[in-house]
Amino acid sequence: MKPRNRRYHLNLDLNGVIVLVAVGVLLPVMLSTAVGIVALVIADDAVGIVTGVLMVSFAAAAAGSALITVVLTRRKSRLARLQADLVANVSHEFRTPLSAIRLYTQTVLSGRVADDPERSRECLQTVMRETERLDALVDRVLTWRASSKGSMPLTMETGPIGPAVEDAVERFQRMVAPDEVDFSVRLESRIQVNHDVSAISATILNLLINAHKYSAAEKRIRLEVHDVGDGVMISVEDNGIGLPASEVQRIFQPFYRVKRHDGGAIGGVGLGLTIVQHLVHRHGGTVSVESEPGAGTRFTINLPEAS
Ligand code: ADP
């Protein structure tokens, strides 16, 4: 009979590693440092000095390795936590539109609204809107994956930014009910911009989705695009919940979400603005934000004119 190879894995969490390093490395390190220093102080010949130097060097090397182990383990455990959070948040984000799609499809299939064409139409429009939301969410996750791996190809073309803006506006309008938001668009840009149409459309769409998501009942969103000096300026302004000044720089970090003090939860995965910033930078542009808590937020993108 073949002998069975058994592998034993030592599964340690971050605290386990820190305790192991403290007991198994730091104590011997401190001991050998002390012995090394004493040897150096009392040394009266070359052998004593060499022994002291060797002891102290050994201690320093061991301490350095222990530090590197702890740093690497911390980074690994942070990544694992972020990944787990992402999976949980994305699953949760998928569930909301999926539940709505199931509910409205069941309503139509049950025949309950068969003799009410207006109601049937409303049900199917809701299914359509939720499908668009799912599509945008999948786009967010895939764009993030490609951009974080540095493997996101852009198809650059030179032309006015108008078609990209119109594409984002059309997608956004398919996602929201007409009476749900007071949405206005001013598109006054003619200059040539070197850009990837679908990337710029996705960028604007992400800002519109956020403007809608982080606004209360009477939503008002303004999208303005016009030429300035040596480029084009795109701004998305809402009358929503706003942001405290302390959060403004952090919101572009991957997975960062502002904690709400009222305990309310607005769904999200914390990737929309990371993607916006990544895509804008890939176009040589800048993105900035002005906000007042309780009054609203304005995101502004500046893209350079094609040379
Ligand atoms: P998500 O919306 O999925 O949480 P984002 O990266 O798009 O991720 O946004 C990060 C955070 O920035 C959000 O959690 C939210 O708190 C804040 N934020 C983004 N857009 C707005 C906005 N228009 N108004 C207020 N807060 C916003």
Side-chain angles (χ1 to χ4, degrees), residues 81-97 130 132-148 152 168-169 171-172 175-176 180-185 199-224 233-282 286-301:
R81 210 184 52 238
L82 286 179
Q83 261 174 6
D85 285 355
L86 176 66
V87 171
N89 284 343
V90 169
S91 313
H92 183 265
E93 284 291 282
F94 271 115
R95 200 156 280 156
T96 316
E130 297 301 332
E132 289 290 341
R133 284 185 196 189
L134 275 178
D135 201 26
L137 181 62
V138 172
D139 268 2
R140 263 187 195 201
V141 176
L142 291 181
T143 309
W144 154 251
R145 191 164 174 268
S147 64
S148 64
M152 201 186 147
V169 168
R171 285 190 71 186
F172 179 63
M175 272 181 210
V176 294
E180 204 184 326
V181 52
D182 167 6
F183 177 45
S184 72
V185 183
I200 294 301
S201 164
T203 303
I204 298 171
L205 183 65
N206 272 326
L207 293 182
L208 291 174
I209 291 174
N210 278 355
H212 178 266
K213 194 161 69 170
Y214 298 107
S215 294
E218 309 246 308
K219 299 174 197 287
R220 199 184 62 237
I221 302 174
R222 305 267 172 268
L223 166 62
E224 294 194 3
M233 191 174 101
I234 305 165
S235 72
V236 175
E237 187 178 346
D238 63 58
N239 63 337
I241 59 173
L243 285 160
S246 56
E247 300 285 1
V248 164
Q249 289 310 316
R250 296 197 221 162
I251 52 174
F252 293 98
Q253 291 170 10
F255 307 110
Y256 188 79
R257 309 206 64 228
V258 178
K259 285 207 170 51
R260 293 186 63 191
H261 298 297
D262 58 9
I266 301 179
V269 288
L271 290 180
L273 292 179
T274 310
I275 292 170
V276 167
Q277 192 178 52
H278 174 83
L279 292 177
V280 170
H281 285 173
R282 291 273 309 264
T286 57
V287 53
S288 60
V289 51
E290 300 149 77
S291 186
E292 203 182 315
T297 306
R298 177 163 56 184
F299 284 89
T300 307
I301 293 171

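No hydrogens, no waters, no symmetry mates; every other heavy atom, side chains included, goes into these values. Counting starts at 1 for both ligands and their atoms, in listed order. Computed from a predicted structure; not experimentally measured.
- Residue-ligand proximity, Leu271 to ligand 1, at heavy-atom distances under 4.0 Å covers atoms 6 (O), 8 (O).
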TODO: Show your reasoning for whether salt bridge (charged side-chain N to carboxylate O under 4.0 Å, His left out) applies to Arg257 and Asp85.
DONE: CA-CA 12 Å; Arg257 309 206 64 228; Asp85 285 355; over 6 Å; no

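- Under a 4.0 Å criterion applied to the non-hydrogen atoms of Gly272, ligand 1 contributes the atoms 5 (P), 6 (O), 7 (O), 8 (O).
- The distance from ligand 1 to the heavy atoms of Thr297 drops below 4.0 Å at these ligand atoms: 24 (N), 25 (C).
- Remark: His281 NE2 is packed, more than 12 non-hydrogen atoms of other residues, nucleotides or ligands lying under 6.0 Å away.
- Note: Glu247 CD to Phe252 CZ = 12.5 Å, rounded to the nearest 0.5 Å.
- Applying the 4.0 Å criterion to heavy atoms of Tyr256 picks out, from ligand 1, the atoms 10 (C), 11 (C).
- Counting heavy atoms from C-beta outward, Val258 and Tyr214 have side chains that stay 4.5 Å or more apart.
- A salt bridge links Arg298 with Glu290: the distance from a Lys NZ or Arg NE/NH1/NH2 to an Asp or Glu carboxylate oxygen falls below 4.0 Å.
- Atoms of ligand 1 found under 4.0 Å from any heavy atom of Gly268, numbered from 1 in the order shown, are 3 (O).
- Residue Gly242 has at least one heavy-atom neighbour below 4.0 Å for each of these atoms of ligand 1: 25 (C).
- Ligand 1 places these atoms under 4.0 Å from at least one heavy atom of Val258: 14 (O), 16 (O).
- Using a 4.0 Å heavy-atom cutoff, Gly270 is listed among the residues neighbouring ligand 1.
- Close contacts between ligand 1 and Lys213 involve ligand atoms 1 (P), 2 (O), 3 (O) [criterion: under 4.0 Å to a heavy atom].
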